[in-house]
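Below: the structure, in structure tokens.
Numbered from 1 within each chain, the chains take letters A, B, ... in sequence-line order.
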Amino acid sequence: MQQQYPYQEIEQQSQAFWEANNSFVAQQTSNKPKYYCLSMFPYPSGKLHMGHVRNYTIGDVLSRYHHMKGFNVLQPMGWDAFGLPAENAAIQNNVPPAQWTFDNIAYMRKQLKSLGFAIDWSRELATCQPEYYKWNQWLFLRMLEKGIAYKKTQVVNWDPVDQTVLANEQVIDGRGWRTGALVEKREIPGYYFNITGYAQQLLDDLDKLPGWPERVKTMQANWIGKSTGVRFAFTHDIKDNNGALIDDGKLWVFTTRADTIMGVTFCAVAAEHPLATLAAQNNPELQAFIDKCKQGSVMEADMATMEKEGMDTGLFVTHPLTGEQVPVWVGNYVLMTYGEGAVMAVPAHDERDFGFAKKYNLPIKQVIEAGELKEAKSGIKSNNFSEKGIEQLNKAISDNQFTTSRWQVWYEEKNGNCINSGKYNGLKYEAAVDAIAADLKAKGLGDKQVNWRLRDWGVSRQRYWGCPIPIIHCDSCGDVPVPDDQLPVKLPEDCVPDGSGNPLNKLESFVNCTCPRCGKSAKRETDTMDTFVDSSWYYARYASGFSNEAMVDAQTNYWMPVDQYIGGIEHAILHLLYSRFWSKVMRDLGLVNYDEPFANLLTQGMVLNHIFSRRTDKGGIEYFAPEEVELIHDEHGKTIGAKALKDGLPVDFQGMGTMSKSKRNGVDPQALIEQYGADTARFFMMFAAPPEQTLEWSDSGVEGSHRFLRRVWNLGYLLSGIEKADLPNKLTGNLAASRREVHSTLKQAGIDLSRQQFNTVASAAMKMLNALEKVQKEAEPHWQAVAHEGFSKLLRLLSPIAPHITQSLWKTLGYGEDILKAPWPEALASAMVQDEVEYVVQVNGKLRGSITLSKSMEKSQIEAIAVNQPFVQKHLENASVRKIIVVPNKLINIVVG
RNA sequence: GCCGGGAUGGCGGAACUGGUAGACGCACUGGACUCAAAAUCCAGCGUUGGCAACAACGUGCCGGUUCGAUUCCGGCUCCCGGCACCA
């Protein structure tokens with residue numbers, strides 16, 4: 001008999017129960033181990049999307065699981081509430097960003113609650129609250145005192161659409177990360193954080209993060225981009241128009257291959273280099289080339305394939321060791337923004353230099369013995385030895401084992417003796433670099449140096465809806481920090497931006513102030529901070545009491561570091577790197593005692609859905625929502641086409657992509673909750689794919705999940721009328737088998753849950769239900785006891801994923817009041833013992849049959865029985881048994897020949 | 001080019017340290033119930049041949065180790081993500 005599954009009622013009741021019992025309010029206690037589970041907080045854009053649902057369900061499953069495992073769990077939630085969309089919405093709707101933001105927060109909070117997340121709402125925060133951003137300002141001032149924050153005027157990335165500065169990290173392929181507009185270069189004064197001062201630590205401490213995905217660590221290491229080498233100068237007496245020596249007569253370069261310094265045959269400088277600028281003054285041809293280079297750099301897409309081009313400046317510099325005159329060229333492959341904007345060129349041992357020298361007929365001088373080996377293997381990038389590379393190389397050498405021919409070549413070159421190098425002849429890589437660096441140092445013309453790809457973090461934004469930078473500009477005193485007792489500098493919340501620049505500039509009540517130092521009238525800084533500042537420490541604030549007297553308190557060190565952080569891979573570099581940096585700054589200021597904020601990181605995959613489209617007559621693309629399309633199957637169930645419902649004409653059905661409005665393939669979580677309930681939404685999300693992989697949306701998959709929960713409800717309803725009896729001492733037959741199935745499935749599910757493979761946990765729950773339904777239907781003696789035992793385990797296993805239905809049934813069936821407080825279900829070994837075991841029998845590794853044998857049987861006996869099976873004898877007609885392999889309780893392989 | 005990850009039925013995906021490949025679900029096919037449909041329940045479902053029992057083949061490709069390989073080793077191909085003229 002079918003019961004309906006009243007999910008709405010169930011979910012409301014369960015949520016009311018949690019609310020009334022403050023079930024998720026975390027206390028700082030010492031008798032349990034702590035577990036801080038954090039999902040990246042959302043930007044309050046209006047309403048939740050499926051990515052949020054997936055992210056927060058993963059976090060919730062982990063939180064509830066650890067609750068039941070006896071951990072003291074903290075799972076907070078908040079709002080990354082500053083940012084541009086609020087301003088854009090304000091311009092469109094004539095509403096102050098604050099109001100828009102708070103309205104969105106209210107709606108989204110309601111949505112999160114309707115999904116039943118075990119969140120400690122007492123710790124909710126929004127980064128746009130003065131009580132929060134006060135501490136951005138406070139820490140900013142401390143960083144200013146320490147020199148970690150500083151002001152400089154620099155060429156910056158300017159987003160012409162958002163009218164603001166972008167950090168390097170926010171420029172993707174020459175375009176703004178949010179607007180997609182082509183980024184311009186502008187000179188603007190602003191504040192910077194000296195993140196490069198922490199580069200070494202940020203790199204080294206990646207090794208302290210075994211719980212992070214390898215790819216995220218690699219991405220960060222690449223981004224930090226350490227390279228070790230020698231910085232040295234060629235000397236010259238080239239003067240500018242005023243007769244002053246350019247750069248004090250030194251052309252500085254950086255190289256990782258100082259061992260090849262004796263092979264320098266020319267130098268190449270960037271188009272923006274002062275020497276290039278000077279040489280171009282009387283050389284229109286060179287000027288034209290330089291202009292072309294500068295222009296070209298905008299077209300990022302062509303960079304990779306761009307031909308190496310250059311032009312002679314006619315200038316010469318002096319080699320610091322040989323004293324030779326070396327020609328200076330302008331090269332389009334030299335970057336002004338990396339190193340010194342100039343390079344030494346050794347065509348014999350660097351691929352790019354080689355190509356350049358060949359093209360312009362410049363001399364090539366071999367100075368390393370094994371040079372010809374390189375030429376034999378073209379395409380070998382010999383110009384950089386990354387640290388990781390050298391490490392691997394050394395390992396390969398010591399193991400005397402080369403995994404690829406490439407390592408062989410690197411090894412040969414690195415171990416080649418210097419030749420044609422005067423006093424350095426016979427030295428190998430490291431010795432040569434040491435000797436050369438020492439000689440350069442003695443001459444005052446160079447030394448070993450480490451170069452970083454990472455730049456300092458520019459945090460000034462010419463925007464309204466952000467945290468004000470606490471600085472006052474005084475004509476007499478200059479830039480004066482706002483005193484601590486005047487913090488926070490509150491952002492006026494009633495401004496409505498009109499789209500032309502920063503409205504704070506026009507707000508006299510904000511701008512006009514008095515200088516805290518001399519008391520004269522002064523102007524307040526109107527730039528606000530990059531919103532990545534806000535998100536760089538919110539996790540520490542959650543963990544702390546919300547004191548107005550301190551940024552964080554002692555509680556922080558109890559909860560931190562975050563035990564499990566969950567969020568999208570798109571934050572692999574920006575947010576995670578900034579947060580790590582910020583933590584180290586807070587540590588150095590004595591505020592916290594941890595080095596790294598996030599012990600374990602889970603990067604969840606994106607949520608994809610089908611894209612149905614059709615080319616229109618006009619050459620455009622028309623998109624169809626999934627409900628506007630009907631799929632066409634063949635008799636095997638294979639999808640062979642799709643047609644639009646409105647006209648019956650075919651549409652393309654093979655596309656798959658992230659949910660978006662423009663592609664018309666979005667699914668609204670709210671509609672899903674209303675139609676199927678939160679438990680179904682959560683269950684499907686966990687079941688459809690492992691958490692790190694992309695998840696392909698499927699309406700029929702959602703229905704399948706709903707069907708499963710309805711069956712759970714039905715069995716629960718049925719069992720609610722059946723008395724709970726004790727299990728007999730010994731079960732037999734089908735009942736014993738079903739119980740074994742329940743327990744062994746549970747055992748595997750426990751393992752899967754601990755390694756965060758939630759999809760197989762969900763399928764384990766399904767398997768357990770299948771077994772229990774069988775128990776119920778067969779109704780052998782004692783089935784009631786087996787069903788109740790199994791069902792109570794099923795409910796607890798399922799409860800982190802589908803908390804409402806399980807809480808409701810837990811109570812209805814009289815198992816307990818609060819399933820969250822129930823002990824985690826463990827599989828019983830006694831339920832899994834077997835007297836008889838099914839052995840698979842193979843002949844020469846091929847499956848030929850199976851036999852059921854007593855578990856206590858001797859090996860020799862097993863072998864004899866197996867060989868006598870007819871399906872084995874068949875294969876012995878023209879052959880004899882050579883060997884028999886018995887894997888206990890599993891498999892017998894008879895080798896014949 | 002470098003770094004990281006991946007490739008398993010019609011689809012999403014299982015298979016812990018080498019041991020029954022395809023768990024679980026979806027789709028599809030047939031049946032039961034129904035006046036009928038939906039829902040539900042039962043059965044089937046890798047490919048090829050065969051009425052069937054069964055046999056052969058099968059985890060991107062080529063080769064190796066092993067009694068036995070989706071799993072380990074060597075060499076490729078393709079796909080996804082990140083970085084990229086980094087000196």
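Using a 4.0 Å heavy-atom cutoff across all strands shown, A/Val334 reaches at least one base atom of the nucleic acid. Within 4.0 Å (heavy atoms only), A/Pro213 reaches no atom of the nucleic acid at all. Residue-level contact check: A/Ser850 touches neither bases nor backbone, having no heavy atom under 4.0 Å from any strand. Residue contacts for A/Asn770: at a heavy-atom cut-off of 4.0 Å it reaches the sugar-phosphate backbone alone, with no base atom in range.
Comparing A/Ala764 and A/Met219 by the nucleotide of RNA chain B that holds the closest heavy atom to each, the one mapping nearer the 5' end is A/Ala764. Nearest-nucleotide positions on RNA chain B place A/Arg711 closer to the 5' end than the other of A/Arg711 and A/Asn222.
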**OP:** Give RNA chain B the dot-bracket treatment, 5' to 3': Watson-Crick (N1-N3 with N6-O4 or O6-N4) or G-U (N1-O2, O6-N3) under 3.5 Å, [ ] crossing, | other strand.
**Re:** (((((((..(((......[....))).(((((.......))))).((((....))))..(((((..]....))))))))))))....
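Rounded to an integer number of Å, the gap from CZ of A/Phe708 to C1' of B/G25 is 11 Å.
Annotation: ring pair (Phe, Tyr, Trp, His ring centres under 6.0 Å) contacts of A/His706 (sequence neighbours excluded): A/Tyr5, A/Tyr7, A/Tyr676. Under the rule for a ring pair (Phe, Tyr, Trp, His ring centres under 6.0 Å), the partners of A/His319 that lie at least two apart in sequence or sit in another chain are A/Phe234. Listed by chain and residue number, A/Glu863 satisfy the salt bridge (Lys or Arg N to Asp or Glu O under 4.0 Å) test with A/Lys859 (two or more places apart in sequence, or in another chain). Qualifying salt bridge (Lys or Arg N to Asp or Glu O under 4.0 Å) partners for A/Glu741, counting only residues two or more places apart in sequence or in other chains: none. Partners of A/Tyr360 by ring pair (Phe, Tyr, Trp, His ring centres under 6.0 Å), not counting sequence neighbours, listed by chain and number: A/Trp329, A/Phe356. Taking the salt bridge (Lys or Arg N to Asp or Glu O under 4.0 Å) definition, one finds that A/Asp447 meets it with A/Lys441, sequence neighbours left out. Taking A/Lys643 as the reference, nothing meets the salt bridge (Lys or Arg N to Asp or Glu O under 4.0 Å) condition, with sequence neighbours excluded.
B/C72 and B/C78: their C1' atoms are spaced 23 Å apart (whole Å). With C1' as the reference atom, B/C11 and B/G4 are 27 Å apart, rounded to whole Å.
Taking side-chain N and O atoms only, A/Arg710 has a distance below 4.0 Å to OP1 or OP2 of B/U40.
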Identify every side-chain donor-acceptor pair in residues 681-693 of chain A under 3.5 Å, counting partners at least two apart or on other chains, and give the distances.
{"residue": "A/Arg682", "atom": "NE", "partner": "A/Ile801", "partner atom": "O", "Å": "2.9"}
{"residue": "A/Arg682", "atom": "NH1", "partner": "A/Asp60", "partner atom": "OD2", "Å": "2.9"}
{"residue": "A/Arg682", "atom": "NH1", "partner": "A/Leu115", "partner atom": "O", "Å": "2.9"}
{"residue": "A/Arg682", "atom": "NH1", "partner": "A/Gly116", "partner atom": "O", "Å": "3.4"}
{"residue": "A/Arg682", "atom": "NH2", "partner": "A/Asp60", "partner atom": "OD2", "Å": "2.7"}
{"residue": "A/Arg682", "atom": "NH2", "partner": "A/Pro800", "partner atom": "O", "Å": "2.9"}
{"residue": "A/Glu692", "atom": "OE1", "partner": "A/Thr603", "partner atom": "N", "Å": "3.4"}
{"residue": "A/Glu692", "atom": "OE1", "partner": "A/Thr603", "partner atom": "OG1", "Å": "3.1"}

**OP:** Treat primed atoms plus P, OP1 and OP2 as sugar-phosphate and everything else as base, then score nucleotides 26-33 of chain B 5' to 3': B for base contact with protein heavy atoms under 4.0 Å, S for sugar-phosphate contact only, - for none.
**Re:** SBSS----
Subject >> Summary of protein contacts for nucleotides 49-58 of chain B, nucleotide by nucleotide, where a base hit scores B, a sugar-phosphate-only hit scores S (4.0 Å, heavy atoms) >> reply: -----SSSS-
Short N/O separations, protein against nucleotides 66-68 of chain B, under 3.5 angstrom:
{"residue": "B/C67", "atom": "O2'", "partner": "A/Asn893", "partner atom": "ND2", "Å": "3.4"}
{"residue": "B/C67", "atom": "O2", "partner": "A/Asn893", "partner atom": "ND2", "Å": "2.5"}

